[in-house]
Amino acid sequence: MENQAAERKKIVFSGIQPSGQITLGNYLGAVRNWKQLQEEYNCIYSIVNMHAITVRQDPAELKKRTLEAYALILACGIDPEKSIAFIQSHVKEHAEINWVLACYTQFGELSRMTQFKDKSQKNPDNINAGLFTYPVLMAGDILLYQTDLVPVGIDQKQHLELARDIAIRFNGQRGNTFVVPDGYIPKAGAKIMSLADPTKKMSKSDPNPRGCVYILDPPETIIKKFKSAVTDSDMEVCYREGKDGINNLMTIYSCVTGKTYEEIEEEFKGKGYGDFKLAVGTAVAEHLAPIREKYNALMADKAYLEKCYTEGAEKASRIARRTLEKVYKKVGFLPK
Ligand code: TYM
């Protein structure tokens with residue numbers, strides 16, 4: 001009975017690229033929710049290093065960042081006993097399903113992906129085929145695990161919708177094979193904006209280093225970045241259209257303190273932006289301090305990390321293999 005109940009638990013899958021340091025945007029939009037979802041669902045989380053090479057990476061740096069990102073998601077509260085946490089390239093089924101799904105995805109669909117358009121504009125000398133078919137790899141990540149829910153920030157919504165369309169199309173043509181996944185996009189924090197230009201998403205490629213806060217930034221750096229955050233010329237801490245900088249800071253403050261916008265407005269009535277920015281910076285630094293500490297401890301124990309990602313890959317592979325075999329059968333590949 002217990003087993004049956006466990007089998008009925010919904011499945012959550014999500015991934016993060018190790019293409020740089022993990023940002024406050026990654027954390028508030030996604031990883032923070034990954035932790036909470038573990039209590040209720042069967043969660044599977046991956047460091048998607050295969051996605052990362054769609055943009056040129058220095059190999060030694062990628063290897064290093066992959067381990068760091070893995071340690072960091074554990075430091076953020078992903079428990080390898082409760083969830084499956086693995087590195088994408090360790091589970092070869094991701095590459096294998098990618099081919100089949102690519103044959104069920106239309107060129108036109110991929111051409112409409114806004115992230116492809118953005119990234120190819122930013123890297124005009126390397127518009128490789130992987131960058132173009134990236135959303136198929138992502139659909140494979142999700143569909144391999146018969147995922148019900150995908151916790152991501154808003155920037156991944158279009159990719160997620162494509163994954164749904166591919167699943168529906170495959171199921172329609174080949175019979176029921178995949179669970180059609182739903183997104184899990186948080187109400188607050190789904191799009192954290194740059195501190196330097198609050199009309200743009202916070203991202204590691206921000207041209208202004210003050211725009212992006214990293215989870216592992218030392219407290220003084222975090223506070224300094226918040227102190228220099230761009231706001232507006234009126235003086236009121238309130239959530240209102242047109243006040244992009246303040247709205248962003250209120251969202252961040254609300255995410256890390258649990259306070260509502262009304263409570264925040266009340267707290268800063270009659271106070272200046274300087275006080276508010278300092279309070280947000282301090283709250284973020286305090287919130288992230290235990291994560292940094294745990295990260296440092298984990299990075300000092302490489303054997304433990306290796307054990308976790310090895311076991312994680314074994315568990316993930318067992319699930320992924322079942323789906324892949326089903327898919328191969330459905331498309332008519334002669335079994336070995
Ligand atoms: P990536 O590595 O760019 O980002 C990881 C997660 O962080 C979210 N995010 C943000 N959320 C709020 N505000 C921001 N400024 C911000 N910046 C990033 C992203 O939405 C994401 O949830 N393609 C994915 C990785 C991926 C994946 C998957 C995700 C590969 N396969 C399967 C889910 C399921 C990506 O590049 O995320």
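- Side-chain atoms of Lys204 and Gln21, non-hydrogen and from C-beta on, never get closer than 4.5 Å to each other.
- Here the rule is side-chain contact (heavy atoms from CB on, under 4.5 Å) with Lys243, and of Asp232, Leu249, Asn248 only Asp232 fits it.
- Remark: Arg164 engages Asp182 in a salt bridge, criterion side-chain N to carboxylate O under 4.0 Å.
- Nearest heavy-atom pair across Leu62 and Ala52 is CD1-CB, 3.9 Å.
- Under the 30°/60° scheme for interplanar angles, the aromatic rings of Phe116 and Phe132 are found to stand perpendicular.
- For the atom pair CZ (Phe86) and CD (Gln88), the distance works out to 7.0 Å, reported to the nearest 0.5 Å.
- Scored by the ring pair (Phe, Tyr, Trp, His ring centres under 6.0 Å) test, Tyr214 finds no partners at all (sequence neighbours excluded).
- No continuous path of hydrophobic side-chain contacts links Phe13 to Leu74 [ILVMFWY only; heavy atoms under 4.5 Å].
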Please test Thr23 against Asn26 for side chain to side chain donor-acceptor pair (under 3.5 Å), starting from the C-alpha separation and ending with a verdict.
CA-CA 5 Å; Thr23 70; Asn26 295 141; 3.2 Å; yes
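- Counting heavy atoms from C-beta outward, Phe170 and Leu143 have side chains that stay 4.5 Å or more apart.
- A salt bridge is absent between Lys10 and Glu40: the closest approach of a Lys/Arg side-chain nitrogen to an acidic carboxylate oxygen does not fall below 4.0 angstrom.
- Of the inter-residue distances, the one linking Tyr134 atom OH with Ile53 atom CD1 reads 12.5 Å to the nearest 0.5 angstrom.
- Between the side chains of Ser89 and Asn49, a donor-acceptor pair is found at a separation under 3.5 Å.
- For the residue pair Ser83 / Gln38, a side-chain donor-acceptor distance below 3.5 Å is found, with atom types taken as modelled.
- With rounding to the nearest 0.5 Å, the separation of OG in Ser194 from CE in Met202 is 6.5 Å.
- No side-chain heavy atom of Val230 sits under 4.5 Å from any side-chain heavy atom of Asp197.
- Side-chain contact between Lys122 and Lys119: absent, with no pair of heavy atoms (C-beta onward) separated by less than 4.5 Å.
- Contact annotation: the side chain of Asn33 approaches that of Gln36 to within less than 4.5 Å [non-hydrogen atoms, C-beta and beyond].
- Using the six-membered ring where Trp is involved, Tyr309 and His90 have ring planes that are tilted, between 30° and 60° apart.
- Ion pairing of Glu306 with Lys302 is absent here, as no side-chain N (NZ or NE/NH1/NH2) approaches a carboxylate O to less than 4.0 Å.
- The side-chain heavy atoms of Glu68 and Pro18, taken from C-beta on, include no pair separated by under 4.5 Å.
- Between Tyr41 and Asp148 there is no side-chain heavy-atom pair separated by less than 4.5 Å.
- In this structure, Lys277 fails the cation-pi test against Tyr273, since its NZ or CZ atom is not both closer than 6.0 Å to the six-membered ring centre and inside 45 degrees of the ring normal.
- Under the 4.0 Å criterion applied to side-chain N and carboxylate O atoms, Glu109 and Arg169 are assigned as salt-bridge partners.
- Put simply, CD1 on Ile47 and CD1 on Ile16 are 6.5 Å apart, with the number rounded to the nearest 0.5 Å.
- When side chains are defined from C-beta on, Arg240 counts as touching Asp234, because their heavy atoms get closer than 4.5 Å.
- When all heavy atoms of Cys255 and Ala188 are compared, the closest pair comes out as SG-O, 3.9 Å.
- Within the model, atoms NZ of Lys157 and NE2 of His159 stand 13.0 Å from one another, a figure rounded to the nearest 0.5 Å.
- Between atom CD of residue Gln57 and atom OG1 of residue Thr66 there is a gap of 8.5 Å, rounded to the nearest 0.5 Å.
- In this structure, Glu265 contributes its side chain and Cys238 its backbone to no donor-acceptor pair below 3.5 Å.
- With hydrogens and angles disregarded, no donor-acceptor distance shorter than 3.5 Å links the side chain of Asp217 to the backbone of Ile222.
- For the 3.5 Å distance criterion, the side chains of Asn128 and Asn126 qualify, holding a donor opposite an acceptor.
- Residues Ser317 and Glu93 bring a donor and an acceptor atom of their side chains to less than 3.5 Å of each other.
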